[in-house]
Amino acid sequence: MRKPLADRLGCEAVDLVGAGGSGAVSVREVQRSAGVSSAAAYRHFRGRDALLPVVAQE
């Protein structure tokens with residue numbers, strides 16, 4: 001079963017932070033890493049500032 005997209009994007013963001021620090025995280029990089037369109041990613045996260053709290057929770 002696939003994870004909901006927001007969860008997948010959050011996991012990808014955590015992986016990016018692990019690989020390159022918080023500076024490596026952007027919605028664009030997360031969407032590329034997850035293999036989804038930018039429109040799909042931006043439906044869940046309006047920008048980097050909305051994505052970083054998800055990373056911090058992990």
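Keep in mind the model is a prediction, meaning the values are calculated, not measured.
The side-chain heavy atoms of Val55 and Leu16, taken from C-beta on, include no pair separated by under 4.5 Å.
Formation of a donor-acceptor pair under 3.5 Å by the Gln31 side chain with backbone atoms of Ser38 is found in this model.
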Query raised in the report: Going through the checks in order, is the side chain to side chain contact (heavy atoms under 4.5 Å, CB included) test met by Val27 and His44?
Result: CA-CA 10 Å; Val27 176; His44 295 282; over 6 Å; no
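Residue pairs meeting the salt bridge (Lys or Arg N to Asp or Glu O under 4.0 Å) criterion with at least one member in residues 10-35, sequence neighbours excluded: Glu29-Arg32.
For Val54, the side-chain contact (heavy atoms from CB on, under 4.5 Å) partners at least two apart in sequence or on another chain are Phe45. A search for side-chain contact (heavy atoms from CB on, under 4.5 Å) contacts involving Ala39 returns Ser37, Arg43, not counting sequence neighbours.
The nearest pair of heavy atoms linking Ala34 to Leu9 is CB-CD2, 3.8 Å. The shortest non-hydrogen separation linking Pro53 to Asp49 is CD-O, 3.1 Å.
Atom-to-atom distance recorded for Glu58:CD and Asp7:CG is 8.5 Å, nearest 0.5 angstrom.
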